[in-house]
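Note that this is a predicted model, so its numbers are computed, not measured. Note that these values count all heavy atoms, side chains included, but never hydrogens, waters or copies made by symmetry.
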Amino acid sequence: MRILIYVFCLVFGFVPVADAAGPFVFTAIPDQDESRLRARFDKIADYLARALEAEVKYIPVKSYTAAVTAFRNNEVQLAWFGGLSGVRARGLVPGSEAIAQGYEDQFFETYFIAHESLGLSPSETFPMEIAGKTFTFGSKGSTSGRLMPEFHIRQSFGKAPDEVFERVGFSGDHSRTIALVQSGAYQVGAVNFKVWQKVLKLGTVDEAKASVIWKTPPYPDYQWTIRGDVDDAFGAGFKDRVTQALLDMKDPDLLASFPRESFVPASNEDYQPILDVGKSIGLID
């Protein structure tokens with residue numbers, strides 16, 4: 001039937017909705033430097049194009065806020081968000097859904113890292129000794145680099161970060177946070193545990209200069225979020241096809257670029273803890 005409709009449209013000069021919509025476009029929060037993101041997500045675009053038999057395009061953005069804005073304005077229909085940015089984006093676009101997350105994203109962690117000059121050792125309890133030191137978050141909109149570490153700082157000290165530390169900064173991304181702490185520009189920082197593990201494997205961090213001193217309890221984080229109107233734009237069942245393509249991503253090279261073991265189903269309800277924490281510290285209205 002769909003083939004007959006398509007032929008009818010061609011004969012009488014109509015353009016099917018899926019064709020009229022143009023390419024299917026996605027983005028990702030800039031949690032690492034742009035060159036790494038481009039190499040990573042151009043491969044994902046190629047994979048999705050084959051799986052969906054459609055034109056798929058990845059566009060980079062400069063900030064977490066820009067990723068949310070692009071999603072809200074329908075400049076992108078799919079995004080790889082962090083927990084906080086995903087909650088914000090879905091709140092702005094009725095009907096949008098979290099559809100897949102990395103297996104590890106069900107129990108994500110933030111690592112607090114410190115410069116060797118502090119002489120701090122790994123601890124099972126929150127390191128109260130960091131009070132009065134210099135501290136850098138990642139991006140202002142990052143779940144692992146801002147939301148969760150700020151929550152634990154406020155919970156532990158009963159104060160806002162700028163009342164706890166001598167100086168507070170926002171590096172912009174996790175790779176930059178690691179570099180700033182390793183150099184001693186900041187004494188302590190909060191970083192995505194997957195990025196930390198990846199730079200260790202790459203050998204780009206010197207643990208004699210910067211090391212992990214505390215790990216947060218687990219929380220939900222990254223996920224793929226899709227707009228609620230994609231079926232209207234690209235045809236009935238398109239959302240389900242995108243979801244299945246993400247869940248079927250088995251290529252070790254593609255998964256390693258995240259890095260994730262696999263992708264598993266996700267729902268908006270999975271991220272209620274992020275919404276609750278965001279509201280509790282004033283990052284979400």
Side-chain angles (χ1 to χ4, degrees), residues 27-37 39-41 60-65 67-68 79-88 98 100-115 122 126-127 130 135-153 161 168-182 186 188-205 207 210-225 255-261 263 266 270-271 273-274 277-278 283:
T27 193
I29 54 171
D31 57 353
Q32 296 184 62
D33 66 76
E34 188 171 324
S35 61
R36 289 184 186 179
L37 291 175
R40 166 177 163 187
F41 287 107
V61 292
K62 295 297 185 182
S63 69
Y64 283 55
T65 299
V68 173
W80 176 242
F81 283 130
L84 177 59
S85 51
V87 166
R88 284 174 164 164
Q101 61 185 327
Y103 174 79
E104 298 87 340
D105 294 303
Q106 301 170 95
F107 22 80
F108 219 75
E109 295 176 338
T110 291
Y111 287 175
F112 278 53
I113 60 174
H115 188 259
F126 187 90
I130 64 177
F135 187 96
T136 182
F137 293 103
S139 167
K140 291 182 179 180
S142 171
T143 306
S144 54
R146 196 306 179 61
L147 176 73
M148 296 310 299
E150 179 163 340
F151 170 74
H152 286 288
I153 289 165
V168 174
F170 291 91
S171 70
D173 67 63
H174 300 292
S175 301
R176 180 73 174 151
T177 295
I178 295 170
L180 289 170
V181 174
Q182 179 168 263
Y186 283 89
V188 188
V191 66
N192 171 323
F193 87 110
K194 295 299 289 184
V195 175
W196 177 263
Q197 291 175 349
K198 187 167 186 176
V199 299
L200 282 183
K201 288 182 179 180
L202 293 172
T204 55
V205 62
E207 288 190 278
S211 60
V212 177
I213 58 170
W214 186 67
K215 302 176 182 180
T216 66
Y219 55 87
D221 200 357
Y222 290 73
Q223 89 292 154
W224 290 101
T225 287
L255 293 172
S257 70
F258 280 88
R260 296 295 187 275
E261 176 183 316
F263 286 103
D270 294 333
Y271 293 87
I274 298 298
V277 171
L283 291 182

**Request:** List for me each residue that meets side-chain contact (heavy atoms from CB on, under 4.5 Å) alongside P259, sequence neighbours excluded, and say none if there are none.
**Result:** K194, K198
**Request:** To the nearest 0.5 angstrom, please state how far the CG atom of D105 sits from the CZ atom of R260.
**Result:** 4.0 Å
**Message:** As an exercise, state the distance from CD1 of I274 to OG of S85, rounded to the nearest 0.5 Å.
**Reply:** 10.0 Å
**Prompt:** Roughly how far, to the nearest 0.5 Å, is the CG atom of L84 from the NZ atom of K140?
**Reply:** 13.5 Å
**Asked** Any chance OH of Y103 has more than 12 other-residue heavy atoms, nucleotides or ligands included, within less than 6.0 Å?
**Response** no
**Asked** Where do L283 and R88 come nearest, in terms of heavy atoms and distance?
**Response** O-NH2, 2.7 Å
**Item:** Set of residues satisfying side-chain hydrogen bond (donor to acceptor under 3.5 Å, both in side chains) with respect to R146, sequence neighbours excluded
**Value:** E150
**Prompt:** Looking only at atom types and distance, does a side-chain atom of D221 sit under 3.5 Å from a main-chain N or O of G83, one as donor and one as acceptor?
**Reply:** yes
**Prompt:** Minimum heavy-atom separation for S144 to N192, with atom names?
**Reply:** OG-CB, 3.5 Å
**Complete:** Note: Q223 and G86 closest approach over all heavy atoms is OE1-CA, 3.3 Å
**Asked** When rounded to the nearest 0.5 angstrom, what distance separates CZ in F107 from OH in Y219?
**Response** 13.5 Å
**Message:** So which atom in G145 and which in F137 form the shortest heavy-atom distance, rounded to 0.1 Å?
**Reply:** O-CB, 3.1 Å
**Item:** Full working for side chain to side chain contact (heavy atoms under 4.5 Å, CB included) between I213 and I130
**Value:** CA-CA 10 Å; I213 58 170; I130 64 177; 4.0 Å; yes
**Message:** Is the ring pair F258/F263 parallel, tilted or perpendicular, if the boundaries are 30 and 60 degrees?
**Reply:** perpendicular
**Asked** Can you tell which of F108, Y222, W214 makes a ring pair (Phe, Tyr, Trp, His ring centres under 6.0 Å) with F193?
**Response** F108
